[in-house]
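A short write-up of the structure that comes next.
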Amino acid sequence: MILHTVLCHLTDGYDPAELRDVMAGLGELQVEGFLWFKHGINVDAEGKTPQYGYGFVCAFADRPALDRYAMDDGHRALGARLVALCHGGADGILVSDIQTGDGA
């Protein structure tokens, strides 16, 4: 399984309704191997990412599923909308893809 983690440095004037719509759209994507999606406020308990106030995590069955997601037209359109909400555009988004090694 791969955990796809995205943290967002939202602009001061971002539109909360637009962010909700983007998150809802991402959660509704129909991509083979896309297992689940969760989003919310970054509580930053360790004080490492204070500028990244919001984020999401989703899980993929394997690398081909993550690749399908990356190429999905719906994901790309939603991603462009998310980029527009972030400070510095794409520079305001931090992404990691963690291979967990488990099959579930």
Side-chain angles (χ1 to χ4, degrees):
M1 180 167 59
I2 297 175
L3 298 177
H4 178 69
T5 305
V6 177
L7 293 174
C8 304
H9 180 183
L10 298 168
T11 62
D12 291 337
Y14 82 93
D15 180 354
E18 175 69 354
L19 180 62
R20 281 191 303 273
D21 287 349
V22 169
M23 293 299 122
L26 289 170
E28 294 169 359
L29 288 175
Q30 298 294 312
V31 175
E32 182 186 347
F34 181 50
L35 304 175
W36 52 262
F37 175 87
K38 302 286 184 187
H39 64 95
I41 295 169
N42 176 14
V43 298
D44 190 30
E46 295 186 21
K48 302 281 186 178
T49 54
Q51 69 274 31
Y52 294 94
Y54 202 87
F56 67 88
V57 177
C58 49
F60 296 91
D62 51 25
R63 179 61 189 264
L66 177 61
D67 292 344
R68 283 190 293 276
Y69 168 82
M71 299 303 295
D72 181 78
D73 289 339
H75 164 256
R76 287 177 173 227
L78 291 161
R81 291 170 61 189
L82 185 60
V83 164
L85 295 171
C86 292
H87 182 74
D91 289 340
I93 298 176
L94 179 64
V95 178
S96 68
D97 295 304
I98 301 168
Q99 178 83 46
T100 65
D102 60 0

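Remember, it's a predicted structure, so these values are computed and weren't measured experimentally. FYI, the numbering just counts along the sequence from 1.
The neighbour count for His39 NE2, taken as heavy atoms of other residues, nucleotides or ligands under 6.0 Å away, is above 12.
Once rounded to the nearest 0.5 Å, the distance linking OG1 of Thr5 with CD1 of Ile98 reads 4.5 Å. To the nearest 0.5 angstrom, Ile2 atom CD1 is 7.0 Å from Asp62 atom CG. Put simply, OH on Tyr69 and SG on Cys58 are 4.5 Å apart, with the number rounded to the nearest 0.5 Å. Note that the CZ atom of Phe37 and the NE2 atom of His4 stand 9.0 Å from one another [nearest 0.5 Å]. From Leu78, atom CG reaches atom CG of Leu26 across 5.0 Å, with rounding to the nearest 0.5 Å. With values rounded to the nearest 0.5 angstrom, Gln99 atom CD is found 12.5 Å from Phe60 atom CZ.
Residues Arg63 and Leu66 have side chains in contact (heavy-atom distance under 4.5 Å, counting atoms from C-beta outward). In this structure, the side chains of Leu82 and Cys8 come closer than 4.5 Å at one or more pairs of heavy atoms. Inter-residue side-chain proximity for Met23 and Leu19 is flagged as met; some heavy-atom pair is nearer than 4.5 Å. Annotation: side chain of Met1 is in contact with side chain of Leu35 (closest heavy-atom distance under 4.5 Å). Trp36 is listed as a side-chain neighbour of Val57, based on a closest heavy-atom distance under 4.5 Å.
Between the Asn42 side chain and the Gly55 main chain, no donor and acceptor come within less than 3.5 Å of each other. Without hydrogens or angle criteria, Asp44 side chain to Lys48 main chain gives a donor-acceptor distance under 3.5 Å.
For the pair Leu3 and Ala59, the tightest heavy-atom approach, listed with the atom from each and the gap, is CD2-CB, 3.9 Å. Closest heavy-atom contact between Cys86 and Thr11: C-CG2, 3.5 Å. Nearest heavy atom pair, residue Gly47 against residue Pro50, reads O-CD, 4.0 Å.
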| query | Which is it for Leu85 and Glu18 under the side-chain contact (heavy atoms from CB on, under 4.5 Å) test, yes or no, and what are the steps along the way? | reply | CA-CA 8 Å; Leu85 295 171; Glu18 175 69 354; 3.8 Å; yes
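Cluster membership check: Leu94 does not share its hydrophobic cluster with Val43, using side-chain heavy-atom separations under 4.5 Å among Ile, Leu, Val, Met, Phe, Trp and Tyr. Each of Val83 and Leu7 belongs to its own hydrophobic cluster when Ile, Leu, Val, Met, Phe, Trp and Tyr are linked at side-chain heavy-atom distances under 4.5 angstrom. Under the 4.5 Å side-chain heavy-atom criterion for Ile, Leu, Val, Met, Phe, Trp and Tyr, Phe56 and Val95 are members of the same hydrophobic cluster. No chain of hydrophobic side-chain contacts below 4.5 Å, direct or via other Ile, Leu, Val, Met, Phe, Trp or Tyr residues, connects Tyr52 to Tyr14.
In terms of the salt bridge (Lys or Arg N to Asp or Glu O under 4.0 Å) criterion, Arg68 has no residue partners (sequence neighbours excluded).
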